[in-house]
Number of protein chains: 2
Amino acid sequence: MEEFLPVLKKSSLFSGVSSDEIRGMLKCLSARMKCYKKDEFIIRSGDYIHSVGMVLSGTALIIQEDFWGKRSIISEVMPGTLFAETYACISSVPIEMSVVADSDCEIMFLDFNKILTVCTSACGFHTRLIQNFLSAIAGRNLVLTKKMQHMSKKTIREKLLSYLSAESLKSNSSTFDIPFNRQQLADYLSVDRSALSNELSKLQAEEILNFNKNRFTLKEQGPEGYL
Amino acid sequence: MEEFLPVLKKSSLFSGVSSDEIRGMLKCLSARMKCYKKDEFIIRSGDYIHSVGMVLSGTALIIQEDFWGKRSIISEVMPGTLFAETYACISSVPIEMSVVADSDCEIMFLDFNKILTVCTSACGFHTRLIQNFLSAIAGRNLVLTKKMQHMSKKTIREKLLSYLSAESLKSNSSTFDIPFNRQQLADYLSVDRSALSNELSKLQAEEILNFNKNRFTLKEQGPEGYL
DNA sequence: TCATTTCTGTTGTTTTAACAACATTTTAAA
DNA sequence: TTTAAAATGTTGTTAAAACAACAGAAATGA
């Protein structure tokens, strides 16, 4: 496990924990490591999850199959990233997605109950571990909630204004930069790129906003009822 | 606080904890209670959150204001329900919504750090509390992730099939009941009700599915490329 | 610098959804 | 049972988005 300490140190789960302490914790958590060949299943849809997984090397894909067998890729998991943590918290519900090795990879599993239960051998950083774990889940929550607010709007215009408004408020300024290019923004909002560009142009023509590359300015007086 | 024990017992946070134990825990957690008049702010957007809130009586609204000052109601919080728990986990990020009393109400606040740090006076159920707390957050995560998968589809047809496929898989059967009426389903997927009804009729005509009231049956052979 | 690629904006056409209005069915109440 | 109300399905019209195709701008790198 020693060779993966750099990965672990950078991971959100062990953030703020020194290498020495990580070593101790891995023992206290009885961390298990397992290797997978490309295309091997790491988790199968329907499994009941009691361990949290972390990719140490290689990459894994989180995939889902619908009723008709159509596969879709939910996300890619890179080294240092947790997966299945939500289902580990709710072990009574079977997981509804699969995790597959996208390349040969090494995965570390941590028993959820051991993460949760503070060990008797006063392991100083256990609270920190729980806190990091909570932050990881809560962080995802935040991201999802925010995205949902934009996506639940029906028109591109509304989605855009919802997103830009949020970015503006976050930066505390009516002028701000966004971290997406047009295609990424379109993907994020689940709309067509050119339709998005088109809508942006209209909004500028109507003087609801200005933009230049990734810098946007919202006008204080959006025309009455911009929705 | 005694009068609210029935509410607390039913809450997700104290699920599986006896009244006596709840009493002890509230002390150990130094729970604070505060009353609010209708329309009073309980949390203001921009606040840094260090406590988790729970409604004991009355109801509260979670609201948000966009750049132009347009308010929207995110959700209603009923007795026994936690709020602000996500932001309590990530206290470095200011909350981006406000919580307002929708009627006169009584709110309990629990210091997040006290929830997290197992008390010295071996409080037997503290691990259970942390587990419940985690479950609450992870549960919301699950709900959001699932909804997002449907909503990220572009057409009503795709959204519907994504939702119905998920329901079918959940129930392990091609025939299943859904918990929404048409309007609720339309709201859930953020689409127009009549357009949804229309699309359902088309899907039935194309023999991709059958439905009767809230009972749906997906056909094993959806025509090639139903997307 | 020039060439190439990527990104962005624009336009026209086709497809889809929103919306409104109404018919039919179902449910609940009197 | 009859009536009223609510829920659901249907249709036509209007509005909006998807899509495709392309032009110009910006970024990249040889």
Side-chain angles (χ1 to χ4, degrees), chain A residues 72 147-148 150-164 167 175-218 222-227, chain B residues 72 147-164 167 175-219 222-227:
Chain A
S72 56
K147 182 169 174 177
M148 188 70 78
H150 312 318
M151 299 240 311
S152 64
K153 299 286 167 28
K154 284 184 192 156
T155 65
I156 291 188
R157 167 171 296 221
E158 283 174 298
K159 286 177 188 171
L160 257 173
L161 290 175
S162 171
Y163 171 74
L164 294 172
E167 286 296 304
T175 296
F176 51 93
D177 293 307
I178 67 170
F180 294 134
N181 66 27
R182 296 294 185 274
Q183 185 62 61
Q184 290 170 327
L185 181 55
D187 290 342
Y188 176 73
L189 297 176
S190 281
V191 299
D192 177 75
R193 181 201 57 77
S194 70
L196 180 138
S197 268
N198 196 260
E199 196 62 47
L200 277 175
S201 301
K202 284 187 201 165
L203 284 164
Q204 189 158 50
E206 293 174 36
E207 304 208 298
I208 294 168
L209 53 77
N210 280 329
F211 64 93
N212 190 283
K213 297 190 198 176
N214 286 11
R215 168 151 294 178
F216 288 77
T217 303
L218 299 182
E224 298 309 310
Y226 58 82
L227 293 181
Chain B
S72 56
K147 182 169 173 175
M148 189 69 79
Q149 277 167 9
H150 313 318
M151 298 241 311
S152 64
K153 300 285 171 16
K154 283 184 192 156
T155 65
I156 290 187
R157 168 170 293 221
E158 283 174 298
K159 287 178 188 170
L160 256 173
L161 290 174
S162 171
Y163 171 74
L164 294 173
E167 287 295 305
T175 297
F176 52 93
D177 292 306
I178 66 170
F180 294 133
N181 66 26
R182 296 292 184 277
Q183 185 61 62
Q184 290 170 328
L185 181 56
D187 289 342
Y188 176 73
L189 298 175
S190 283
V191 299
D192 178 75
R193 182 202 56 78
S194 70
L196 179 139
S197 269
N198 195 260
E199 196 62 46
L200 277 175
S201 301
K202 284 188 201 165
L203 285 164
Q204 190 158 50
E206 294 173 35
E207 303 208 302
I208 295 169
L209 53 76
N210 280 330
F211 64 93
N212 191 283
K213 296 189 197 176
N214 286 12
R215 168 152 295 178
F216 288 76
T217 302
L218 299 182
K219 301 288 188 67
E224 298 308 309
Y226 59 82
L227 291 183

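As the structure is a prediction and not an experimental result, all values here were calculated from the model. Reminder, nothing fancy here: chain letters follow the sequence lines and each chain counts from 1.
Looking at A/S190 and A/M151, their side chains come closer than 4.5 Å, going by heavy atoms from C-beta outward. Contact check for A/F211 versus A/L164: no side-chain heavy atoms found under the 4.5 Å cut-off. Using a 4.5 Å cut-off on side-chain heavy atoms (C-beta onward), A/P179 and A/E167 make contact.
Atom P of nucleotide C/dT16 and atom CZ of B/R157 are separated by 8 Å, given to the nearest angstrom. For B/N181 and D/dA5, the CG to C1' distance is 15 Å, given to the nearest whole Å. Atom CD1 of A/I156 is separated from atom P of C/dT15 by 18 Å (rounded to the nearest Å). Protein atom NZ of A/K202 is 11 Å distant from nucleotide atom P of C/dT11, rounded to whole Å. Between A/K213 atom NZ and C/dT6 atom P there is a gap of 18 Å when expressed in whole angstrom units. Summarising the geometry, the separation between NZ on A/K159 and C1' on D/dA16 is reported as 12 Å, rounded to the nearest angstrom. For B/I178 and D/dA7, the CD1 to P distance is 14 Å, given to the nearest whole Å. One interatomic measurement links the two molecules: CE of B/M151 to C1' of C/dA17, which rounds to 16 Å at whole-angstrom precision.
Nearest heavy atoms, A/Y188 versus A/H150: OH-CD2, 3.7 Å.
Comparing the end axes of the helix from C/dT1-D/dA30 to C/dA30-D/dT1, each fitted to five base pairs by superposing C1' atoms of four pairs onto the next four, gives an inter-axis angle of 50° (nearest 10 degrees).
The stretch residues 182-201 of chain B comes close to DNA chain C through B/V191, B/D192, B/S194, B/A195, B/E199, each having a heavy atom under 4.0 Å from the strand.
Between B/F176 and B/F216, the ring planes lie parallel to each other; the angle is under 30°, not in the 30° to 60° tilted range.
Considering B/E158, B/K153, B/K159 in turn, B/E158 is the only one that fulfils the side-chain hydrogen bond (donor to acceptor under 3.5 Å, both in side chains) rule with B/T155. With A/L160 as the partner, the side chain to side chain contact (heavy atoms under 4.5 Å, CB included) test is satisfied by one option alone out of A/L209, A/L200, A/I208: A/L200.
At least one donor-acceptor pair under 3.5 Å links the side chain of B/N214 to the backbone N or O of B/F180.
Between A/K154 and B/F180, the residue whose closest nucleotide on DNA chain D is further toward the 5' end is B/F180.
Remark: A/L203 CG to A/I156 CD1 distance equals 10.5 Å, nearest 0.5 Å.
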